[in-house]
Amino acid sequence: MKITINIDCTPEEARTFMGLPDVKPMQEMMMKEVEERMKSNLNAMDPETLFKTWLPAGISNMEQLQKMFWAQFNNGPMGGPSKE
């Protein structure tokens, strides 16, 4: 024997019927907090700030950056001098 029961209700009605807590106020509060944190961190996404953060303090101009890259390319694959 097979019995099928269809219940037509909203998620809020089902949650209330089952006795589950309403988390909507907490979710709204958390989303506001996430939004505020994201807005405050957007300042760190400024290209100049990222450039200064990622590069060591000793590299102050593009010429030094190029020299550093070429020095790495001149080394062998394992970091030592190439055998050519």
* Asked: Would K32 and E28 count as a salt bridge (charged side-chain N to carboxylate O under 4.0 Å, His left out) if you check the C-alpha gap in whole Å, the side-chain angles of each, and the deciding distance to 0.1 Å?
  -> CA-CA 6 Å; K32 285 180 186 176; E28 289 175 358; 5.8 Å; no
* To do: Keeping to residues at least two apart or across chains, list the salt bridge (Lys or Arg N to Asp or Glu O under 4.0 Å) pairs with something in residues 7-22.
  => R15-D22
* Connected via hydrophobic side-chain network under 4.5 Å: I7 and I3 -> yes
* Shared ILVMFWY cluster between V34 and M29, side chains joined below 4.5 angstrom? -> no
* Asked: Taking atom CE of M31 and atom CD of E36, what is their separation to the nearest 0.5 Å?
  -> 12.0 Å
